[in-house]
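Working notes, structure below.
As a basis for the values below, the full set of heavy atoms in this structure was taken, side chains included, without hydrogen atoms, waters or symmetry mates. Residue numbers run from 1 in the order of the sequence given.
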Amino acid sequence: MPANQLGKLIVITGPSGVGKGTLVNFLLQRHPQLKLSISATTRQPRPGEVEGVNYFFLNKKDFETAILNQELLEWAEYAGNYYGTPKAGVIEEIKQGNYIILEIELAGARSVADLFPEALRIFILPPSIEELEQRIRNRGTNTEESIANRLEIAQKEIAARDEFDLQIVNDDLEQAIALLEAAIFPSS
Ligand SMILES: Nc1ncnc2c1ncn2[C@@H]1O[C@H](COP(=O)(O)OP(=O)(O)OP(=O)(O)O)[C@@H](O)[C@H]1O
Ligand SMILES: Nc1nc2c(ncn2[C@@H]2O[C@H](COP(=O)(O)O)[C@@H](O)[C@H]2O)c(=O)[nH]1
């Protein structure tokens with residue numbers, strides 16, 4: 001993004017189950033000027049997830065074609081599936097001067113940092129690993145194997161927290177939202 005800041009790219013990262021989606025949904029409801037980039041993934045939809053709302057659900061072949069055609073701003077393999085950010089929508093929002101949020105894992109956040117050093121990068125932390133596990137379990141959408149895998153990845157992701165502009169502990173939801181708002185809208 002050029003220094004005259006055509007739009008604002010906001011990257012929100014943190015371990016699976018920390019509450020990124022919950023926080024982002026509150027932000028979107030409260031600030032209509034914020035937009036969320038809808039990612040593509042090869043993972044199976046969870047009950048209630050809707051194509052084009054939660055994700056664009058692609059098969060592996062179509063995802064790999066999107067990679068080859070350079071349609072993704074960034075992509076990563078996470079817990080055995082591909083996840084990626086469709087490029088066109090993000091570039092268009094930035095050109096229009098809009099705020100756009102990417103809710104993505106660590107490898108993707110690192111790629112975006114290389115491409116857009118001016119992006120605001122925020123890492124969401126859990127109050128504890130025990131609470132993180134509880135949140136993943138309470139969500140009820142992951143198998144035991146997947147929970148263990150996500151917790152293992154979480155430890156590695158948390159170790160990279162210092163790479164980010166800001167770290168926010170998602171303990172009290174309202175407090176975490178207030179800190180996010182202060183970071184995104186510093187003068188208000
Ligand atoms: N501050 C909080 N206190 C207690 N529970 C919370 C809090 N924030 C989120 N949760 C709960 O934690 C669970 C995981 O939240 P969410 O799905 O938003 O995580 P996520 O980081 O987006 O996960 P993923 O990256 O896997 O999509 C949900 O059941 C949500 O209601
Ligand atoms: N690098 C990217 N990571 C993404 C993207 N969209 C979502 N994610 C992250 O993947 C994990 C797992 O998500 P889940 O929905 O299966 O729980 C989580 O950390 C997401 O933030 C993306 O486009 N690129």
Side-chain angles (χ1 to χ4, degrees), residues 8-58 72-86 89-90 93 98-109 112 119-143 146-147 149-151 153-154 156-158 160-161 164-184:
K8 190 164 183 175
L9 184 60
I10 301 146
V11 178
I12 299 191
T13 305
S16 172
V18 73
K20 302 182 298 295
T22 306
L23 292 166
V24 166
N25 281 336
F26 275 103
L27 285 176
L28 294 176
Q29 279 167 26
R30 292 180 190 183
H31 303 279
Q33 68 270 48
L34 293 176
K35 305 259 168 64
L36 174 67
S37 163
I38 309 296
S39 297
T41 184
T42 57
R43 92 153 156 71
Q44 290 300 305
R46 294 177 183 141
E49 284 188 330
V50 176
E51 164 71 18
V53 175
N54 302 96
Y55 279 107
F56 296 107
F57 294 98
L58 303 184
L72 301 176
L73 189 72
E74 61 73 35
W75 63 274
E77 227 174 321
Y78 176 93
N81 283 298
Y82 287 132
Y83 293 80
T85 302
V90 173
E93 293 294 350
N98 295 329
Y99 290 82
I100 177 110
I101 298 179
L102 310 187
E103 187 203 318
I104 61 179
E105 53 68 68
L106 178 63
V112 174
L120 173 63
R121 297 188 318 131
I122 302 172
F123 195 94
I124 309 294
L125 286 158
S128 67
I129 291 292
E130 292 73 23
E131 171 67 15
L132 181 66
E133 178 170 355
Q134 205 50 56
R135 286 184 192 173
I136 299 175
R137 284 189 186 284
N138 290 349
R139 194 165 59 179
T141 51
N142 293 97
T143 62
S146 158
I147 292 169
N149 191 19
R150 281 172 186 249
L151 287 172
I153 298 170
K156 292 179 191 147
E157 292 189 314
I158 290 170
R161 56 201 267 181
F164 288 75
D165 299 317
L166 181 67
Q167 300 168 22
I168 294 176
V169 179
N170 180 23
D171 189 358
D172 178 85
L173 198 59
E174 282 302 331
Q175 213 167 53
I177 293 166
L179 290 169
L180 277 167
E181 288 174 328
I184 296 169

Exercise. Say you draw a straight line from CG of Asp171 to CD of Glu131; how long is it, rounded to the nearest 0.5 Å?
Worked result: 7.0 Å
For this session: Please test Glu103 against Lys35 for salt bridge (Lys or Arg N to Asp or Glu O under 4.0 Å), starting from the C-alpha separation and ending with a verdict.
Result: CA-CA 11 Å; Glu103 187 203 318; Lys35 305 259 168 64; over 6 Å; no
For this session: Please test Arg150 against Tyr78 for side-chain contact (heavy atoms from CB on, under 4.5 Å), starting from the C-alpha separation and ending with a verdict.
Result: CA-CA 9 Å; Arg150 281 172 186 249; Tyr78 176 93; 3.5 Å; yes
Seminar exercise, completed: Rounded to the nearest 0.5 angstrom, the CD1-CG distance for Ile168 and Leu179 is 5.0 Å
For this session: Could you tell me whether Arg30 and Glu174 have a side-chain N and a carboxylate O separated by less than 4.0 Å?
Result: yes
Exercise. Between the main-chain N or O of Phe123 and the side-chain N or O of Lys20, is there a donor-acceptor pair closer than 3.5 Å?
Worked result: no
For this session: Keeping the roles fixed (side chain from Thr13, backbone from Ile104), state whether a donor-acceptor pair exists under 3.5 Å.
Result: yes
For this session: Could you pull out the closest heavy-atom pair between Thr85 and Ser37, with the gap in Å?
Result: CG2-OG, 3.4 Å
Problem set entry | For the student: nearest non-hydrogen atoms of Ala119 and Val11, plus distance | CB-CG2, 4.4 Å
Seminar exercise, completed: Closest non-hydrogen atoms of Ala76 and Gly108, given as atom of the first, atom of the second and distance, are CB-N, 4.4 Å
For this session: Applying side-chain contact (heavy atoms from CB on, under 4.5 Å), run through Leu27 and Ile184 and close with a yes or a no.
Result: CA-CA 10 Å; Leu27 285 176; Ile184 296 169; 4.0 Å; yes
Problem set entry | Stepwise side-chain contact (heavy atoms from CB on, under 4.5 Å) test for Arg161 and Leu125 | CA-CA 8 Å; Arg161 56 201 267 181; Leu125 286 158; 3.7 Å; yes
Exercise. Is the closest side-chain donor-acceptor distance between Asn138 and Gln134 under 3.5 Å?
Worked result: yes
Exercise. Less than 4.5 Å apart, any side-chain heavy atom of Asp165 and any of Ile122?
Worked result: no
Exercise. Can you find a heavy atom in the side chain of Ser39 that is under 4.5 Å from one in the side chain of Glu74?
Worked result: no
For this session: Could you tell me whether the side chain of Leu151 reaches within less than 4.5 Å of the side chain of Ile136, counting heavy atoms only?
Result: yes
For this session: Quick one: pull up CD1 in Ile153 and CG in Leu106 and give me the separation to the nearest 0.5 Å.
Result: 10.5 Å
For this session: State, to 0.1 Å, how close Gly17 and Leu132 come at their nearest heavy-atom pair, and which atoms those are.
Result: C-CD1, 3.6 Å
For this session: State whether the side chain of Thr41 and the backbone N or O of Tyr82 hold a donor-acceptor pair below 3.5 Å, judged by distance alone.
Result: yes
Exercise. Are any of the side-chain heavy atoms of Ile158 and Pro126 separated by less than 4.5 Å?
Worked result: yes
Exercise. Counting only N and O atoms by type, is there a donor-acceptor contact under 3.5 Å from the side chain of Asn170 to the main-chain atoms of Val18?
Worked result: yes
Exercise. Should Ile101 and Leu9 be marked as a side-chain contact (heavy atoms from CB on, under 4.5 Å) after you check the CA-CA gap, both sets of side-chain angles, and the distance that decides it?
Worked result: CA-CA 6 Å; Ile101 298 179; Leu9 184 60; over 6 Å; no
Exercise. Looking only at heavy atoms, which two atoms of Ile100 and Glu93 are closest? And how far apart?
Worked result: CD1-CG, 3.8 Å
Seminar exercise, completed: Between Pro86 and Ala40 the two heavy atoms that sit nearest each other are CD-N, 4.1 Å
Problem set entry | All side-chain hydrogen bond (donor to acceptor under 3.5 Å, both in side chains) counterparts of Glu49, not counting sequence neighbours | Arg43
Exercise. Can you check whether His31 reaches Leu34 side chain to side chain, under 4.5 Å on heavy atoms?
Worked result: yes
Exercise. Does Phe164 have Arg121 sitting over its ring (NZ/CZ under 6.0 Å from centre, angle to axis within 45°)?
Worked result: yes
For this session: Tell me yes or no: between the side chains of Asn81 and Thr42, is some donor less than 3.5 Å from an acceptor?
Result: yes
Problem set entry | Any Pro45 side-chain heavy atom under 4.5 Å of Asn54 side chain | no
Problem set entry | Val53 side chain near Ile38 side chain, heavy-atom distance below 4.5 Å | no
Exercise. Mind checking whether Ile12 and Leu23 have side chains closer than 4.5 Å, heavy atoms only?
Worked result: no
